[in-house]
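Letters A, B, ... are given to chains in the order of the sequence lines, protein chains preceding strands, and every chain is numbered from 1.
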Amino acid sequence: MSILSVRHIGKRFPGVQALNDVSIDIEAGTCHALMGENGAGKSTLGKILAGLYQPDEGEIVLDGKTVHFHGPLDAVSAGVSMVHQELLFAENLTVAENLCLGDLPRKGMWLDRNEMIRRAQQWLTSIGAAIDPMQVLGELPISKQQLVQIAGGIGRGARVLIFDEPTSSLSQAEALKLLDLIRELKAKGVTCIYVSHRLEEIFAICDRISVLRDGKLVSTVETKGLSRDELVRMMIGRELAESLEAHSATQLGEELLRVENLTSPGKFQPVSFSLRAGEILGLAGLVGAGRTEITEAIFGLDLESTGEIYLKGLKTVVKGPIQAMGFGLGLVPEDRKHHGLVLSMTAKENVSLPILNRVAKLGWVEPQKERSIAQKFFDKMRVKAPTIDSGTAGLSGGNQQKLVIAKWLAAESDVLLVDEPTRGVDVGAKAEIHNLIRGLAAEGKAVLLVSSDLPELLSLATRVIVMREGNMVGELPANPGEESVMRLMAGVR
Amino acid sequence: MRSRFSSIFGMQQFGLIIIIVALGIVMSVFAGSHVDRVSGHMVNNFLNPSTLIQIATDTSFFAIMAVGMTMVIISAGIDLSVGSIYAMSAVLMSLVLQKMTGAPAVEQVLVGILLSCGIGLFSGLLNGIMVCRLGVHPFIITLGTMWVFRGVAFVTTKAMSILVPESLTHFAKANLGLRRDLFPVPMVIMLIVTVVGALFLRYTTWGRRIFAVGGNIEAAKYSGLNINRILTSVYLIAGLCASIAAFVGTSFYGSSSSGDAQGYELYVIASAVVGGASLNGGKGSATGAMLGALLIVMIRQAIRTLNLDQNYEWIIIGFAIVISVVLDRWNSTRAQRRLVHGRQ
């Protein structure tokens, strides 16, 4: 018995046909995965079900009746709630206020604070979340904010909960807890729709899987009896170009970067390491271990940091990104939307931003030169956008990430600090990015790689530094084995 | 052919141009006619050289300032002090020129220009440095300097009006070969400022950086842009534009006072926004700002030409600004959509 169905759904955005004639039936009380590469349309479909987008074609059927959601409120009152990829909350308000925002309890003309807190507490308890309703939401870690969102959905009587990439900003332990919660909810009869491209999670909790590719439904299959390889093939429509093989030893060149006793108060304890041309140095660690902070300190973004940085053997003081660039450093940041791209500018303009002086004469941009350089790296990264003059706001996460990397490739950086290059990136693009990072090292560049994806880190890195709670706890050679790194990261002997 | 067609329709200012042309047609049709003093012919009350140049002159002061303002707005800032910079540049320049009576005309004009622009640049620099260093929203900084600069003008003139040498008026009211009752200099300067501003924004690295900082200041920082220098520069440019307008305006009208250009900042911001600038930053254009100023002045003119009740001027302008911005947004989303479908 299907509780929710979409029939022949189509949705267009500027530049892309996000969804094209998609029909899926979702059985009541199951966990149903929407899978696909970035840009496949899975998030769009989730948002249509939650009333955030309206489809251009097709219909949504809930309990056998055609429904029209004109906004998220319609969906919520019909019993369909969403846990967003980017949390949409008033961060300055308390948990209780956020939970009751749509329907604040009143006593006469005044807000009934006690009732509000009582209701919030009840909702939080119902999903077993130990959160103080009076805490300001913005002060909670992302994982707890997510629980608040789930509590809100369940409390408002959601029968269908849509999870959009819920684990993308969680640590491994937090992610496991969330999966347990989803199992519990399912046991209570809540239908879950799980939008993700993480195979492990899908296989762990989902009963059925609908795979989307380029806005079209490839097929809906039972998880039972399905192999990973089959699923990956369905997602990308071809064999994976890359297997996670051991890194072949490349010839190492001169030392490009050396860091001595680099430290930042409250962020990480003194670290020392060096990085040679052709090397990929992996920084392993759990979320909060201080890895991103190290890359920011090297790039001159952390004014509190102290210690010595040598570039090509010369002691340098990096006062900010401008100097860092001058020394041949490039930073592919963790948060591409806030730090990586100017979304109001075109792909071309983003790629040429750090190198404007190189494509200009006396301050005037030379359009041909700019275009040819941008085009070169746009093509090299295989960015899926109509042209280099396309806007960047509508691109999928994977394509945005490719553009950020293209930007720093265009800047001809010798030392690349790469922070979570494949977070939120689909399997196909991930393999391309991996090959590209290997290629860069082979070209004689040095790469400092931060990644929470351990298999990825270990397959790419020629050497691994392990961080734990701001301390450097170990340095390991290539292919150290997942278990030994994991033990160091978690502090298990 | 198709691509040229769609590029014209896709143009950012297309909607604005349509509205301006439509308003011009309406005014020409309903204006009636009168006997021209100079030529003796019957002429349309709107569509005649002297009214058109009068409109251009009225537009020029707003438009010159709006070109600077649009850059501030693109950088996601705001400058409320431009009207006061206008007044301060005008009176300080006039006070110095008063002491220069008898000097050669060219010298007076040059000193006037340099002095006025110098004061404008200095005021802009002050705004820019404070915006960057104090970490206070530019609205507050420039709200403060708006009163400070106006106060300086008031104190130095003791609230008196100051005449400027005739040489300046000769300059600003030169006929440039046109009929003797036509004064195109302000219009010409407006066009120069607009073209320079448009080229600067579109084709220079600095213009590009202004868009980047306004679009996403963090990403701009991570891309190695010097944020402080870029932000300071836009206030510098806004101050310069205000002082150019001050020089032209003061020369044209022959005198200045501390009350000059009072309230202009709001017309100027409105012009930039009507011209497509987004207060969220990252979007705007110099030609749009000029056209925005033209539209506002034309609406004022229409009220007079069409013999509407002038008491309703503010109400009409207020609605017109909101409506034209809404229409512009509507047109640009449509143009964007057309672009998409054209490619598919």
Side-chain angles (χ1 to χ4, degrees), chain A residues 12-17 296 299-301 320-327 329-346 348-367 370 386-387 389-394 404 407-408 411 413, chain B residues 3 6-7 10 12 73-76 132 135 196 198-230 233 237 276-285 332-344:
Chain A
R12 246 189 314 279
F13 288 118
V16 276
Q17 177 84 35
E296 287 179 347
F299 204 60
L301 287 159
I322 303 167
Q323 271 100 352
M325 277 180 58
F327 293 131
L329 285 168
L331 173 66
V332 179
E334 186 180 9
D335 184 344
R336 57 183 165 259
K337 275 191 182 160
H338 288 111
H339 300 146
L341 292 176
V342 182
L343 295 178
S344 58
M345 295 172 90
T346 64
K348 176 190 76 181
E349 289 168 337
N350 269 293
V351 171
S352 66
L353 195 55
I355 54 157
L356 276 175
N357 284 334
R358 268 210 281 128
V359 296
K361 208 180 254 170
L362 299 170
W364 292 81
V365 178
E366 295 180 277
E370 182 188 21
T387 70
D389 295 308
S390 305
T392 48
V404 181
K407 177 167 96 169
W408 289 110
S413 312
Chain B
S3 74
S6 66
S7 81
Q12 223 183 353
I73 293 178
I74 290 169
S75 82
C132 291
V196 170
L199 293 176
F200 173 80
L201 277 177
R202 204 177 158 81
Y203 293 109
T204 69
T205 55
W206 204 258
R208 185 72 66 76
R209 291 189 177 109
I210 295 172
F211 278 102
V213 169
N216 184 346
I217 192 165
E218 284 297 317
K221 193 167 94 183
Y222 275 67
S223 300
L225 270 56
N226 191 332
I227 307 293
N228 284 345
R229 210 183 285 171
I230 293 160
S233 76
I237 293 168
S278 160
L279 288 175
N280 295 326
K283 191 168 168 287
S285 87
S332 66
T333 32
R334 244 168 28 121
Q336 207 180 357
R337 249 180 243 149
R338 201 162 13 226
L339 215 64
V340 171
H341 289 294
R343 282 204 179 113
Q344 271 178 349

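Here the shortest heavy-atom pairing between B:Gly215 and A:Ser344 reads CA-OG, 3.4 Å. Scanning both residues, A:Pro321 and B:Gly224, for their nearest heavy atoms gives CB-CA, 3.9 Å. Here the closest non-hydrogen pair linking B:Ala212 and A:Leu353 is CB-CD1, 3.6 Å. Minimum interatomic distance between A:His338 and B:Glu218 (heavy atoms only, all atoms of both residues): O-CB, 3.2 Å. Nearest heavy-atom pair, A:Gly340 versus B:Ala219, reported as atom, atom and distance to 0.1 Å: C-CB, 4.0 Å.
Residue B:Leu199 touches chain A through both its backbone and its side chain, counting heavy-atom pairs closer than 4.5 Å. Looking at A:Glu370, only its side chain comes within 4.5 Å of chain B, counting heavy atoms on both sides. With a 4.5 Å cut-off on non-hydrogen atoms, A:Glu366 does not touch chain B at all.
Applying the ring pair (Phe, Tyr, Trp, His ring centres under 6.0 Å) test to B:Tyr222 and every residue at least two apart in sequence or in another chain returns A:His339.
For the atom pair CD1 of A:Ile322 and NZ of B:Lys221, the computed distance is 10.5 Å after rounding to the nearest 0.5 Å. Between the CG atom in B:Leu225 and the CE atom in A:Met325 there is a gap of 8.0 Å [rounded to 0.5 Å]. Distance CG/B:Asn216 to CG/A:Leu343: 6.5 Å, rounded to 0.5 Å. We find the CG-OG1 distance between A:Leu362 and B:Thr204 to be 12.0 Å, quoted to the nearest 0.5 Å. Atoms CZ and CH2, from B:Phe200 and A:Trp364 in turn, are 8.5 Å apart once rounded to the nearest 0.5 Å.
Among the candidates A:Ala360, A:Gly300, A:Gly363, the residue making the largest number of heavy-atom pairs closer than 4.5 Å to chain B is A:Gly363. The choice from A:Asp335, A:Leu331, A:Val404, A:Leu341 that makes the most heavy-atom pairs within less than 4.5 Å of chain B is A:Leu341.
For the pairing with B:Thr205, the side chain to side chain contact (heavy atoms under 4.5 Å, CB included) check across A:Val365, A:Ile355, A:Val359 returns one residue only, A:Val365.
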